*Asks:* 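Can you keep this structure in mind? I'll have questions shortly.
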There are 2 protein chains.
Amino acid sequence: MGTRRRPLIRDVAGRAGVSLTTVSLVLNGKAGANIPAETQARVRAAAKELGYRPNAMARGLRRQRSDTIAVISDEIATTPFAGAMLQGAQDAAWATGRVMLLVNTGRDVNLEARAVEAMLDHHVDAVVYARMHHEVVDPPAGIRDVPAVLLDARTASGDLPSVVPDEAAAAFAAVGYLAGHGHRRIAFVNTSDPGPAAIERLEGYRLGLSAHGLAADPAMIALGDYGDTPSGFAAALRLLDGDNRPTALFCFNDRMAMGAYRAILLRGLRVPDDISIVGFDNMEQIAPWLDPPLTTMQLPHYEMGRWAVEHVLAMLDGPSTVTPRLPMQMRLPCPLVERRSVGPPTA
Amino acid sequence: MGTRRRPLIRDVAGRAGVSLTTVSLVLNGKAGANIPAETQARVRAAAKELGYRPNAMARGLRRQRSDTIAVISDEIATTPFAGAMLQGAQDAAWATGRVMLLVNTGRDVNLEARAVEAMLDHHVDAVVYARMHHEVVDPPAGIRDVPAVLLDARTASGDLPSVVPDEAAAAFAAVGYLAGHGHRRIAFVNTSDPGPAAIERLEGYRLGLSAHGLAADPAMIALGDYGDTPSGFAAALRLLDGDNRPTALFCFNDRMAMGAYRAILLRGLRVPDDISIVGFDNMEQIAPWLDPPLTTMQLPHYEMGRWAVEHVLAMLDGPSTVTPRLPMQMRLPCPLVERRSVGPPTA
DNA sequence: CTGAAAGCGCTTACAG
DNA sequence: CTGAAAGCGCTTACAG
């Protein structure tokens, strides 16, 4: 460990018999036609032989950019979606030779403020402020000192660029898919948590119904209190036990769908023979393993992560074109992942 | 964005009417008794009023440390454990005022090599080389240029410090727990993937059996090919259909346990009345939601992440004491999470 | 075509 | 007790 000293630019200059300037110019591709090919080759050879790589701190200090981007998230530890979002962000950062600084705040506002400070201390080129669940947020002021975009989150006023899932379109598509299979009594097992996801999916659900000439029946909507498996179970049970039982269930998420499966089983019914189900999230740990495997709307976590840093990097390059008066509010589509929980209605 | 210039140390020196030296000394707590309290107060006030914070790149360049640690992982996007590991790593880094550079390689050796280079370019103070599943690895040589520890991974020779779950102890404990409930025919639904987890758990299982005076019956071990739900289902089915059916199943992971539940249900049996089950992983998305909720061994992801950076940071501070001839090979315990899938045997 | 010099923003001997 | 100066390792006008 720490064996021999890392070579410096002066080492390669010495070995190539040129000045520091020449080395820097050549290695940064700014030599152009000014420096003879032979010299350039000599410099490159020397650099390669020594295994020279510029010190990012020195270079960053001088160029006033760190080749670093910050991702500030809220609860990485407790959501299985985090990885995909981070992967998308990283891939985009990496594509520009940048490295990703990650800090997770656990929704602690105090810690969050300190995290932003720390990121700015390190002079990150840009920041991505992320939530693990689509949310309306009021991010710490500091992030505005630098190009910033909101990931799976947006401000109430839309004064910062953001990328979120197109919840309404997804719900609309789910209803359309079910209607396309012939269902006319399509229930919505929603969460009572009044976030953008619940609100916008409800809207999409309603739009979907009317687009297919189906009446919106309040009895076809059941709310699960916590958005978890038991609450999905309970909500589905109410739906199944009501009169005019639905033939299809659109569930707020895969966990609730898992509860719905249980309710259906308990009532001696079968998926999809008696009841069709469409979930939401495409949770890798659940959806493929349910019996039968669950058809569900996929949240575009990877794509959102990627979009966020691509956009924030674009802001960095061309503030004029990419930072118009109105910050971009991007909605990414949620593809339908077809498995085996939907069939034609029997009743 | 980019509104007003970030204040520099010279700004606070100007405002406080002292030299840069004095400001630096005071702000870094190296003023001691040399600088009168009054002056110190003036400096601090000036710094606060201006909102001064040192430029981490400049400071890093000068001090030859970046206050940064690198985490290099393999497949963050596809495993729900990633978050907890990263959270543990971050918390430990954060506790020392350091920030975490994350790069995920997708198990691409080429990318991995480049990632290490990039991290070293940024002069990270230390690197944590992580796997999402306990594995024997041969990490890129570059990480040895800096204090490094392996997270949820180890080298064949043990020449790098590492932290992994104590697989054998966990399996031993699981068998003990089952035996404590009176079970004597305890089967092991293992994975056929020959990693350290499978091997060491098998060992622990055998030790557990003999510690409780139970015979090791080869017919009590079934292998699932992929370690997923269907393979758990199939393996459990074989066990249930064999003669001398087990009264308890210890499963390699929660996904396989989920498959086992299905097999048990299919055979008209019940958990835990007819068959008790202990899983592994404590997957938040599965274990609590199974019916009945699954008793399982928890993988200490958070703790491992935390230990890894704490240890690597300790190496940084006191190489002599913490980097003995033999790099530390840490095994962290996997606590048993008691839920409702285990009861006394009936048969 | 190539090099000497300044400077990015700090910290830290060193001097007084 | 405090400051002027050197230096961390680069890049980039500027000069020749």
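The analysis underlying the following values was restricted to heavy atoms, covering all of them including side chains, and did not include hydrogens, waters or symmetry mates. Chain identifiers are assigned alphabetically (A, B, ...) following the order of the sequence lines, protein sequences preceding nucleic acid strands; residue numbering begins at 1 within each chain. What you see is a predicted model, and the numbers here were worked out from it, not measured in a lab.
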*Asks:* Closer to the 5' end of DNA chain D via nearest nucleotide, is it B:L61 or B:G17?
*Replies:* B:G17
*Asks:* All N/O contacts under 3.5 Å from nucleotides 12-16 of chain D to the protein, with atom names and distances to one decimal?
*Replies:*
{"residue": "D:dT12", "atom": "OP2", "partner": "A:K30", "partner atom": "NZ", "Å": "2.9"}
{"residue": "D:dT12", "atom": "O4'", "partner": "A:R62", "partner atom": "NH2", "Å": "3.3"}
{"residue": "D:dT12", "atom": "O4", "partner": "A:T21", "partner atom": "OG1", "Å": "3.3"}

*Asks:* Name all residues meeting the side chain to side chain contact (heavy atoms under 4.5 Å, CB included) criterion together with B:D108; count only those two or more places apart in sequence or in a different chain, and write none if there are none.
*Replies:* B:N110, B:L111
*Asks:* If I take atom CZ in residue B:R6 and atom P in nucleotide C:dG9, what distance separates them, rounded to the nearest angstrom?
*Replies:* 11 Å
*Asks:* Applying salt bridge (charged side-chain N to carboxylate O under 4.0 Å, His left out), name anything that partners A:R59, two or more places apart in sequence or on another chain.
*Replies:* none
*Asks:* For A:P196, give me all partners under side chain to side chain contact (heavy atoms under 4.5 Å, CB included), at least two apart in sequence or on another chain.
*Replies:* A:H134, A:V136, A:R154, A:E200
*Asks:* Excluding sequence neighbours, so at least two apart, what forms side chain to side chain donor-acceptor pair (under 3.5 Å) with A:Q64?
*Replies:* none
*Asks:* Restricting to salt bridge (charged side-chain N to carboxylate O under 4.0 Å, His left out), what partner residues turn up for A:D121, sequence neighbours left out?
*Replies:* B:R6, B:R53
*Asks:* What integer distance in Å separates B:Q40:CD from D:dT2:C1'?
*Replies:* 12 Å
*Asks:* Could you check how far CG of B:D121 sits from P of D:dC10, rounded to whole Å?
*Replies:* 10 Å
*Asks:* Scan residues 81-104 of chain A for pairs that pass salt bridge (Lys or Arg N to Asp or Glu O under 4.0 Å), counting only residues two or more places apart or in two chains.
*Replies:* A:R98-A:D125
*Asks:* Runs of at least three consecutive Watson-Crick or G-U pairs, both distances under 3.5 Å, are what I'm after; which ones involve DNA chain C?
*Replies:* C:1-3 with D:14-16, C:5-12 with D:5-12, C:14-16 with D:1-3
*Asks:* Got a sec? Which of residues 44-57 of chain B come in under 4.0 Å of DNA chain D, heavy atoms?
*Replies:* none
*Asks:* Rounded to whole angstroms, how far apart are CZ on A:R42 and C1' on C:dT2?
*Replies:* 12 Å
*Asks:* Flag the pair B:D152 / B:F81 as yes when at least one side-chain heavy-atom distance between them is below 4.5 Å, and no otherwise.
*Replies:* no
*Asks:* Is there any salt bridge (Lys or Arg N to Asp or Glu O under 4.0 Å) pair reaching into residues 69-90 of chain A, and which pairs are they, with sequence neighbours excluded?
*Replies:* A:D74-A:R107, A:D74-A:R131
*Asks:* Between D:dG3, C:dG3, D:dT2, which nucleotide gets closest to the side-chain atoms of B:T39?
*Replies:* D:dT2
*Asks:* Separation of B:H123 atom NE2 from D:dC8 atom P, in whole Å?
*Replies:* 13 Å
*Asks:* Partners of B:A77 by side chain to side chain contact (heavy atoms under 4.5 Å, CB included), sequence neighbours excluded?
*Replies:* A:Q87
*Asks:* Please check the phosphate of D:dT11 (OP1 and OP2 only) for any side-chain N or O of A:Q64 closer than 4.0 Å.
*Replies:* no
*Asks:* Flag the pair B:I69 / B:V127 as yes when at least one side-chain heavy-atom distance between them is below 4.5 Å, and no otherwise.
*Replies:* no
*Asks:* Please confirm whether the shortest side-chain N or O distance from A:T22 to OP1 or OP2 of C:dC1 is below 4.0 Å.
*Replies:* no
*Asks:* Let me know the distance between CZ of A:R10 and P of D:dT11, rounded to the nearest Å.
*Replies:* 14 Å
*Asks:* In whole angstroms, how far is the C1' atom of D:dC1 from the CD atom of B:E38?
*Replies:* 13 Å
*Asks:* Using only heavy-atom distances, determine whether the side chains of B:T22 and B:S19 contain a donor-acceptor pair under 3.5 Å.
*Replies:* yes
*Asks:* Does A:L332 have any side chain to side chain contact (heavy atoms under 4.5 Å, CB included) partners at least two apart in sequence or in another chain, and if so, which?
*Replies:* A:V163, A:P300, A:E303, A:M304, A:W307, A:M330
*Asks:* In whole Å, I'd like the distance from the CG atom of B:L120 to the P atom of D:dG9.
*Replies:* 15 Å
